[in-house]
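Atom set for the values below is all heavy atoms of this structure, side chains included, hydrogens, waters and symmetry mates excluded. Order of appearance sets the numbers: ligands from 1, and atoms from 1 within every ligand. Quick note: residue numbers are just sequence positions, from 1. The structure displayed is predicted, hence computed values, not measured ones.
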Amino acid sequence: MTSGSDSIVTVVEGDITGQDVDVIVNAANAKLLHGGGVAAAISRAGGPVIDEESRDWVVANGPVGPGVAAVTSAGDLAAGHVVHVVGPVFVPDGDSEDKLRRAVTTALDAALGLEASSVALPAISAGIYGYPPEEATLVIATEVAAWLGEHPGSFTDVRLVAFGANTADAFRSALRTLGS
Ligand code: AR6
């Protein structure tokens, strides 16, 4: 797999809220309070419906736990839905990697359930939750590649969206590492 233009998986440097895809994945917290990072950007750009539906989701279902995705509409965004998953707060030598992998598969499973053909993911956990970006990007890219291998023909367009050149480079380098 490469990050070339003919690959399903591409790296995009920029703001995930501008992505014209069926599903945008949010790096949320368990209470779906979108106060900072990419969550706040999605909430701001999509408009109040995202916060309203998020609040309703938590009232109905409780906090978003591991292996769970909360789906809301995307308001003013080009996307049809936002899939909210919660990545781990990074703990060195803990089980952060397993938790991050699970967040990725949970998000992709949910997008598949929505019959999406295109999906954009941010560098989940690599901001406020403190996962070193070089490591988080490798875990995310590896899990995306593994998931796609198990779900051939599922999506036509999977974007790894990086807010900043360093994270974009890390995603690209992860895809190169997986290139065999
Ligand atoms: N588009 C794409 N990526 C972005 C954007 C954007 N507009 N804004 C930030 N990033 P973070 P986390 C990148 O902190 O670490 C929130 O408050 C950012 O540079 O958003 O999982 C939630 O509500 C980083 O590379 O998510 C939770 O409380 C990546 O997105 C908590 O933060 C993830 O950073 C979750 O922390």
Less than 4.5 Å apart, any side-chain heavy atom of [X] and any of [Y]?
X: V21; Y: V119; result: no
X: D22; Y: L114; result: no
X: L175; Y: L160; result: yes
X: V25; Y: P122; result: yes
X: T72; Y: H84; result: yes
X: Y129; Y: N29; result: yes
X: Y131; Y: E97; result: yes

Would one find an N or O of [X], backbone or side chain, under 3.5 Å from an N or O of ligand 1?
X: A41; value: no
X: A28; value: no
X: S125; value: yes
X: T17; value: no
X: I128; value: yes
X: N29; value: yes
X: G130; value: no
X: G36; value: yes

Q | For ligand 1, the portion of A123 having any non-hydrogen atom under 4.0 Å away | A |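 The answer is both, backbone and side chain.
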Q: Would you mind telling me if ligand 1 is within reach of the side chain of I42, the backbone, both or neither, using heavy atoms under 4.0 Å?
A: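 I42 to ligand 1: no contact under 4.0 Å from either part.
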Q.
With a 4.0 Å cut-off on N to O distance, would you call D169 and R172 a salt bridge?
A.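 Judged by the 4.0 Å cut-off on N to carboxylate O distance, D169 and R172 do form a salt bridge.
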How long is the span from the [atom1] atom in [X] to the [atom2] atom in [Y], to the nearest 0.5 Å?
X: I42; Y: D51; atom1: CD1; atom2: CG; result: 11.0 Å
X: T17; Y: F163; atom1: OG1; atom2: CZ; result: 8.0 Å
X: L121; Y: E143; atom1: CG; atom2: CD; result: 11.0 Å

Which atoms from ligand 1 have a heavy atom of [X] less than 4.0 Å away?
X: G14; value: 1 (N), 2 (C)
X: A39; value: 22 (C), 23 (O)
X: L33; value: 23 (O)

What protein heavy atom is closest to [atom], reported as residue, atom name and distance in Å?
atom: atom 1 (N) of ligand 1; answer: I16 N, 2.9 Å
atom: atom 30 (O) of ligand 1; answer: V38 CB, 3.9 Å
atom: atom 31 (C) of ligand 1; answer: Y129 CE1, 3.6 Å
atom: atom 7 (N) of ligand 1; answer: D15 OD1, 2.9 Å
atom: atom 13 (C) of ligand 1; answer: F163 CB, 3.8 Å
atom: atom 22 (C) of ligand 1; answer: A27 O, 3.5 Å

Q. Is ligand 1 less than 4.0 angstrom away from at least one heavy atom of V86?
A.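 Contact check V86 vs ligand 1: negative.
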Q. Among the heavy atoms of A126, does any lie under 4.0 Å from an atom of ligand 1?
A.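 Yes.
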Q. Which heavy-atom pair separates F155 from L108 by the least distance, and what is that distance?
A.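 Looking at all heavy atoms of both residues, the closest pair is CZ-O, 3.7 Å.
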Q. For L33, what are the other residues in its hydrophobic cluster, where any two members join if their side-chain heavy atoms are less than 4.5 angstrom apart?
A.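 ILVMFWY cluster around L33 holds nothing else.
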